[in-house]
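For the single chain, residues carry numbers from 1 onward in sequence order. Keep in mind it's a predicted model, so treat the numbers as computed, not measured.
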Amino acid sequence: MSEIHRGAPRRITVVGEEILTRRCREATEFGTPELARLIEDMFATNHVAEGAAIAANQVGVDLQLFVWDMRDEWGTHHTGHVLNPVLDDLPADQRTLLEEPEGCLSVPGPYRVVARPDRAVVRGQDQDGNPIVVEGRGYFARCLQHETDHLHGRLYLDRLTQRERKSALREMAASQDEVFARRAARSSSAASSS
């Protein structure tokens with residue numbers, strides 16, 4: 001995807017940073033070069049970090065925006081972005097709760113089982129302010145819900161028991177240096193190939 005190659009990787013915020021704990025501000029300006037650059041940078045950052053998706057507050061920007069670039073369990077490639085996303089409240093008969101492992105670029109290292117519906121519908125706007133609707137199933141649905149959580153100041157850790165959360169934070173402390181080194185290597189490799 002061209003955005004990956006046009007953008008510049010940014011530093012990823014980590015659990016404990018204030019910007020990850022509060023609701024992001026609504027986007028009101030669309031079609032600007034600054035917004036286009038932010039989206040490109042977020043795609044590049046997600047790529048370098050080997051992520052599925054990333055929210056604006058994960059690159060230190062207080063804005064209701066996330067991007068995704070991932071494959072689901074059926075091999076379908078999903079790529080896109082959404083501003084001001086709102087999750088539809090789907091009736092129980094239209095979804096099934098799945099308990100699957102979940103990780104986060106802002107919690108480098110650990111994965112923990114989190115229960116989420118297997119279907120998600122997000123309504124928002126594209127970078128030009130046009131209304132969009134994105135529907136996902138399975139892993140992509142999990143991704144849409146995870147990133148929308150970010151924009152409301154929630155991490156997947158907030159969905160865990162206190163004991164599971166402490167365990168995940170201990171695991172993160174033990175593995176984050178290795179994760180950061182791998183990201184730095186991929187970032188410098190991407191910079192030298194462009």
Side-chain angles (χ1 to χ4, degrees), residues 1-72 76-90 102-108 116 119-136 139-159 183 186-187 190-191 194:
M1 144 162 257
S2 59
E3 286 91 345
I4 291 170
H5 305 295
R6 287 197 303 256
R10 297 189 184 195
R11 178 189 166 274
I12 297 175
T13 56
V14 294
V15 61
E17 294 185 47
E18 192 269 337
I19 196 165
L20 293 173
T21 64
R22 60 181 157 84
R23 185 180 177 91
C24 292
R25 70 175 175 82
E26 191 172 325
T28 55
E29 292 183 38
F30 301 93
T32 67
E34 295 79 16
L35 181 57
R37 168 54 66 182
L38 173 60
I39 291 170
E40 290 169 1
D41 288 357
M42 288 172 65
F43 274 112
T45 305
N46 185 60
H47 177 71
V48 163
E50 302 176 283
I54 193 165
N57 58 353
Q58 291 183 275
V59 295
V61 177
D62 180 13
L63 188 67
Q64 290 186 25
L65 162 68
F66 67 84
V67 306
W68 62 90
D69 184 6
M70 55 161 298
R71 287 199 184 280
D72 65 22
T76 303
H77 188 204
H78 301 274
T79 307
H81 71 273
V82 63
L83 290 123
N84 303 326
V86 176
L87 278 168
D88 280 5
D89 189 16
L90 300 175
E102 198 165 310
C104 180
L105 297 178
S106 292
V107 186
R116 292 196 191 263
R119 181 170 172 251
V121 177
V122 170
R123 296 174 192 279
Q125 294 159 288
D126 69 12
Q127 66 181 318
D128 296 316
N130 300 311
I132 58 171
V133 179
V134 183
E135 183 171 351
Y139 182 50
F140 186 39
R142 179 169 296 274
C143 173
L144 295 172
Q145 294 167 80
H146 177 109
E147 299 307 322
T148 302
D149 269 1
H150 269 301
L151 303 180
H152 291 95
R154 294 186 72 178
L155 296 170
Y156 85 91
L157 295 176
D158 298 324
R159 294 183 174 273
R183 289 177 186 172
R186 282 181 57 88
S187 183
S194 52

For a quick test of reading the model, state the closest non-hydrogen atom pair linking [X] to [Y] and the distance between them.
{"X": "R71", "Y": "Y139", "value": "O-CD2, 3.5 Å"}
{"X": "L83", "Y": "A27", "value": "CD2-CB, 3.5 Å"}
{"X": "T45", "Y": "P9", "value": "OG1-CA, 3.4 Å"}
{"X": "V122", "Y": "P85", "value": "CG1-CB, 3.4 Å"}
{"X": "L144", "Y": "G136", "value": "CD1-N, 3.8 Å"}
{"X": "M42", "Y": "A55", "value": "CE-C, 3.5 Å"}

Does [X] reach the side chain of [Y], with side-chain heavy atoms less than 4.5 Å apart?
{"X": "L63", "Y": "L35", "result": "yes"}
{"X": "F66", "Y": "H150", "result": "no"}
{"X": "N46", "Y": "L105", "result": "yes"}
{"X": "D149", "Y": "L155", "result": "no"}
{"X": "F30", "Y": "N130", "result": "no"}
{"X": "T148", "Y": "H152", "result": "yes"}

Can you tell me how far [atom2] of [Y] sits from [atom1] of [X], rounded to the nearest 0.5 angstrom?
{"X": "L157", "Y": "C104", "atom1": "CG", "atom2": "SG", "result": "7.5 Å"}
{"X": "I39", "Y": "E34", "atom1": "CD1", "atom2": "CD", "result": "12.0 Å"}
{"X": "R25", "Y": "L151", "atom1": "CZ", "atom2": "CG", "result": "12.0 Å"}
{"X": "Q127", "Y": "I132", "atom1": "CD", "atom2": "CD1", "result": "10.0 Å"}
{"X": "F43", "Y": "L38", "atom1": "CZ", "atom2": "CG", "result": "11.0 Å"}

Not counting sequence neighbours, which residues clear salt bridge (charged side-chain N to carboxylate O under 4.0 Å, His left out) with [X]? List them please.
{"X": "R11", "answer": "E17"}
{"X": "R119", "answer": "E135"}
{"X": "E50", "answer": "R182, R186"}
{"X": "R123", "answer": "D88"}

Please enumerate all residues that pass side-chain contact (heavy atoms from CB on, under 4.5 Å) together with [X], with sequence neighbours excluded.
{"X": "A53", "answer": "W68, C143, E147"}
{"X": "T21", "answer": "E18"}
{"X": "I19", "answer": "T13, R22, N57, D62"}

Residue list, side chain to side chain donor-acceptor pair (under 3.5 Å) with [X], at least two apart or on another chain:
{"X": "D89", "answer": "none"}
{"X": "Q125", "answer": "N84"}
{"X": "R183", "answer": "none"}

Run the ring-ring contact (aromatic ring centres under 6.0 Å, His included) test against H81 and tell me which residues pass, sequence neighbours left out.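 Partners of H81 under the ring-ring contact (aromatic ring centres under 6.0 Å, His included) test: none.
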Y156: which residues meet the ring-ring contact (aromatic ring centres under 6.0 Å, His included) condition with it, sequence neighbours left out?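 Partners of Y156 under the ring-ring contact (aromatic ring centres under 6.0 Å, His included) test: none.
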As a test of understanding, state which of H78, H146, H77 forms a ring pair (Phe, Tyr, Trp, His ring centres under 6.0 Å) with F140.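 For F140, the ring pair (Phe, Tyr, Trp, His ring centres under 6.0 Å) check succeeds only for H78.
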Hey, is the main chain of Q58 close enough, under 3.5 Å, to the side chain of S106 for a donor-acceptor pair?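 No, because the side chain of S106 does not come within donor-acceptor range (under 3.5 Å) of the backbone of Q58.
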Taking the basic N atoms (NZ, or NE/NH1/NH2) and the acidic carboxylate oxygens, is any pair closer than 4.0 Å for R159 and E102?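 The answer is no: the pair does not qualify as a salt bridge.
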